[in-house]
Peer 1: 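Dumping the structure here so I can ask a few things about it.
Because the structure is predicted, anything quoted here is derived from the model rather than measured. All chains are named by letter (A, B, ...) in the order of the sequence lines, taking the proteins before the strands, and each is independently numbered beginning at 1.
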Amino acid sequence: MMITELPAVDLREPKFDLFIATLGYEERSSSILGHVTSERGVALGFPHNHELSFAANRKRFAECGYEEVVVEDEQAESIVRDRLRDLVEGRRNGAALRVGIDISSMTRRRMAFVLSAAIEAVTQFDLQVDLLYQLAEFSSPLRDEASNVHIGPVVPELAGWFDRPDLPLSLILGVGFEVGAALGAREFLDPDHLWIFEPESITAQYADAVREANLDLWAVATGQAEVFRYSIFRPLEIVGVLQNLVDKVLERSRVVLLPFGPKIFSAACILTGLQRSGVSVWRVSTGPLASPTERIGSGKLVGLRLQRQTVRSADSDVGFRPDKSW
Amino acid sequence: MDGSRVFEVYNARNLMPEEVAKTFVPPPVFDRLARRRNALVIGPRGSGKTTLLKMLQQPALECWENPSANEFRARVDYTAIFVPTDVVWSLQLQSFGAQIEDAGTRQLLGRSAFTTHVLRSVISAFVDRTDCDMTPRSHHHRRVPLTPEAEADIVREVSSVWLCRPRIATLRSLRETLSERLSDLARVANREARLGELGRHERLTDSGYVDLSFLPAARAAVEIFESVSGGSGHWAFLFDELEIAPSWIRDDLLMLLRSTDQKFIFKLSLSPFTVGLPKHDGAEQHDYDEIVLWYPLKEDGYHFSEALWKAMTKARYGEAIDPATLLGHPPYATQANEWAAEGTAYLPNSTVAEAFQSLATDDGSFREFLSNRTIDPSFLQEVSKDDRAKLLRKIAPLVYFRREFLASRAEAPQPSKRKGHRRSQRPGDPRAVLRTRKNATVYSGVEAVFAACEGNPRVLINVIDRLLNDYDSFGEVTEASQARVLRSAARAYSALLRTAPVPGTGGFGLFRLLRKIGRFVFNEVVRAPFNPDPPTTFVVDSDISSEVEEALGVAVNMGAIVYLPDKDAELVLKSLRSKRFRLSYLLALNFTNPMRIGRPISLSEILRRSSSDDEGDQLPIHFGDT
């Protein structure tokens, strides 16, 4: 499978045969409809947190003719798999098929299930899957007081498996503006080695909020962790840097990826974990107790394209070295 | 890694045994642990369980330089097999084969992975025993020379029993083969998920090793080893962090504590509270030792903390430094030159007397308290010796603490002229004006620093390292510096507590619960009318819901609350009901609590009385379950 970055022309007015959106409480989950066109659409909804912009989103998806499917995260994989299979079976005259998936409002757990189905489809069928991420307008972070109910692998399939459990542990941590969360995760896992991925932002507000939310982490990690700053507008670079780092670190330690912050970084981690059985991808979650926070879409899109590997282009793609066959 | 830098690594899990030994300071309980007896080491996170177990390993004992090292090397007359684990491995084991529908098959493969991991550790112990490992060490401990031919014999025979085929007949190659088996198990799990139940029995029979159990397999290997090498003796399995192990592993291993095996002894480590723990009363019947690694009383942890401080300063500077030289003492620890046979410490210009006078000036309730006992704060030396011992000495730390955080009349802002917004200036009134103390002196000084660290090696090493960094940079360790380092440690600890998952969805946060307790204590000690014996500990009573109890279970395992057992009380907790606890002293900085044990109060009473106007939340006290 090959990953490339969505070119600007495809981001201006993306057109799809099938678009898989998220029906949630964030405004941006339906505002993306103003930027894409699609023959068919599926809105994958959550069975809880029907507040904030949920009702408005539901109405908008209905008006656009989207099929609404409300499921738990673990059912999302089979829904996506079935819809992709239907699309392929309905293909006429060998036409190229293009699928879009909006990951912006997905939980990391749902994203793992959906990407698993997408990767499977891309490697089996001749189709192209575009992962879209819409940057949100800045809003002040809220400190969530609910307890975590889960800290561990995003899904069991991303637990990873190490044949040397006695090797040191390396943590690759993505930070966001979840106050204290990255520090807490670092303290919980207590790794031997730490790498931090920090998002750059086009707004000083966001950058300041991320710095502020992680002040204690910087105090602990200064001199002990290597920091990579990434731009969400260069998602392929994120994937490339991340995977090169993972491959290097895997030679001498176990690896856990734990992404806080922008979902595009989470997607990069999940894609990496799905392709390397020796990598574990984790999440921290308060589950349904999480305080819903509104996120208004900015209209700025970035994306990654997944397609079957044909001829490798050295400049624009990230080649996988999968150690399991798809 | 040299001795000074190794203190930068706060978790013994990340260190080789030799590195652990370089800086090991034996706590008093190490003596009991070293005995050739089954043992259960109980303590919260960071209390040193892993360090103690690793110190029983041969490489650690061989590298250990300490006045008592030779004595321990003689006492440890067995070979320790340390089986490493951590939360990542444990969750992988629990997730292993997740896509296989049949739970029995998942568990079979999970057990096989665990067995393989244990057998790998057995081979590591063999490697340590023999001259195969060329690392030079200061003292040899239970070494047996092994020729290449003898090694090959051992490897061939063990491989036959363990159903594996190393590429070459060396112990290291055999260990590598077991790593490959772990990879192979993942392949088997994927295959079984794909193929389903049909033909599974035959397929798994073909992979015969999945039915191996670690104990008989290890016994066979040890017998082969001893037969070929000529060595003999006992072996000890060291299983760490059982609280994170899958229950089907944990329960089996705990049963081994009752074992009277002639060849193997078992030393396990566990957090204080474990849900679903099987009944075990072996300790009462002397089948094994229970070794506790926390200090209900802060004084009990002082000696160990001081020893660790001195070890660290010696490693850093070449000589051990008295901690009081750099840290001083907290204000409530009256200096030696102020004590004298006839009560010099209470003369009007003494530290104690000034504190009493100051608080009496600003705090009407304290003034009233003294007056009711006909004590004049200006003439404390006239109080009888008996009353000074019983009362004044007891309340002095409270006086300091209260004075630290109540504003004086001079400091208090004028009452607001807005109607209905008058602010009370009477201490003892919940609306009393409080003083914000960024660098509270009550949290500085060697006694306070050590108390905050709870004798917890991980916290101690972190804090001491940072204090010594300040000393290196500035030539001193000021009160402000001590407060800053402790506050930073408290914040990191709080972040950890906020992250730790709490089972169930009670709709509240663990940290919120701890904060309620902390605020209650603060109110009782500072805001409320002066009380010579304020409640600072709590009992988990029957009105507390099971969800709150579960959250408290996480808290006790993380060290956020400290169990205060009665004499002869059970040490491994299956239930927290009727048990008494205090907040960790590290959290005292977060909640502005004194570091002292006061009388207990029921937790449900705390939750009923705690203020919720700034949080808008209520904790479930009683859900109808008992």
Peer 1: Report the option among Val87(B), Val88(B), Leu178(B), Val554(B) that has the most heavy-atom pairs separated by less than 4.5 Å from atoms of chain A.
Peer 2: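 Among Val87(B), Val88(B), Leu178(B), Val554(B), the one with the most close pairs to chain A is Val88(B).
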Peer 1: Report the option among Arg181(B), Glu180(B), Arg491(B) that has the most heavy-atom pairs separated by less than 4.5 Å from atoms of chain A.
Peer 2: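 Answer, by heavy-atom pair count under 4.5 Å with chain A: Arg491(B).
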Peer 1: Would you say the side-chain atoms of Arg108(A) and Ser266(A) include a donor-acceptor pair closer than 3.5 Å?
Peer 2: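 The criterion, which ignores hydrogens and geometry beyond distance, is satisfied for Ser266(A) and Arg108(A).
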Peer 1: Relative to chain B, which of Ala219(A), Pro165(A), Gly160(A) shows the most heavy atom pairs under 4.5 Å?
Peer 2: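 Most heavy-atom pairs under 4.5 Å with chain B: Pro165(A).
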Peer 1: Pick from Glu77(A), Met106(A), Gln75(A), Arg81(A): which one makes a side chain to side chain contact (heavy atoms under 4.5 Å, CB included) with Phe113(A)?
Peer 2: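 Single pass found, and it is Glu77(A).
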Peer 1: Only pairs of heavy atoms separated by less than 4.5 Å count here; which of Val155(A), Val284(A), Leu183(A), Val256(A) has the most with chain B?
Peer 2: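 Heavy-atom pairs under 4.5 Å are most numerous for Leu183(A).
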Peer 1: Looking only at heavy atoms and a cut-off of under 4.5 Å, which of Ala98(B), Gly97(B), Ser183(B) has the most pairs with chain A?
Peer 2: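 That would be Ser183(B).
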Peer 1: Please flag which part of Asp184(B) lies under 4.5 Å from any non-hydrogen atom of chain A: side chain, backbone, both or neither.
Peer 2: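 No part of Asp184(B) comes within 4.5 Å of chain A.
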Peer 1: Flag the one option from Pro84(B), Ala189(B), Ala492(B) with the top tally of heavy-atom pairs under 4.5 Å to chain A.
Peer 2: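 Ranked by heavy-atom pairs under 4.5 Å with chain A, first place is Ala492(B).
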Peer 1: Within the 4.5 Å heavy-atom criterion, are Glu187(A) and Met558(B) side-chain neighbours or not?
Peer 2: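 Counting from C-beta outward, Glu187(A) and Met558(B) never come under 4.5 Å.
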Peer 1: Quick test of your reading of the model: are Asp240(B) and Lys54(B) salt-bridged, counting only N-O distances below 4.0 Å?
Peer 2: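 Judged by the 4.0 Å cut-off on N to carboxylate O distance, Asp240(B) and Lys54(B) do not form a salt bridge.
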Peer 1: With distance as the sole criterion, is a donor-acceptor pair present between the side chains of Ser124(B) and Arg175(B) under 3.5 Å?
Peer 2: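 Indeed, the side chains of Ser124(B) and Arg175(B) share at least one donor-acceptor pair under 3.5 Å.
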Peer 1: Please classify the contact between Arg120(B) and chain A as side chain, backbone, both or neither, with a heavy-atom cut-off of under 4.5 Å.
Peer 2: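 The side chain, not the backbone.
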Peer 1: Look at Arg106(B) together with Glu192(B) and state whether they make a salt bridge at an N to O cut-off of under 4.0 Å.
Peer 2: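 Here Arg106(B) does not pair with Glu192(B) in a salt bridge, since their nearest N and O are not under 4.0 Å apart.
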Peer 1: Indicate whether the side chain of Ser285(A) and that of Arg109(A) have a donor and an acceptor atom separated by less than 3.5 Å.
Peer 2: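 Their side chains do not contain a donor-acceptor pair, so the 3.5 Å distance test is not met.
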Peer 1: Mind ranking Pro156(A), Pro153(A), Gly152(A) by heavy-atom pairs under 4.5 Å with chain B and telling me who comes out on top?
Peer 2: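 If we count pairs closer than 4.5 Å to chain B, Pro156(A) comes out on top.
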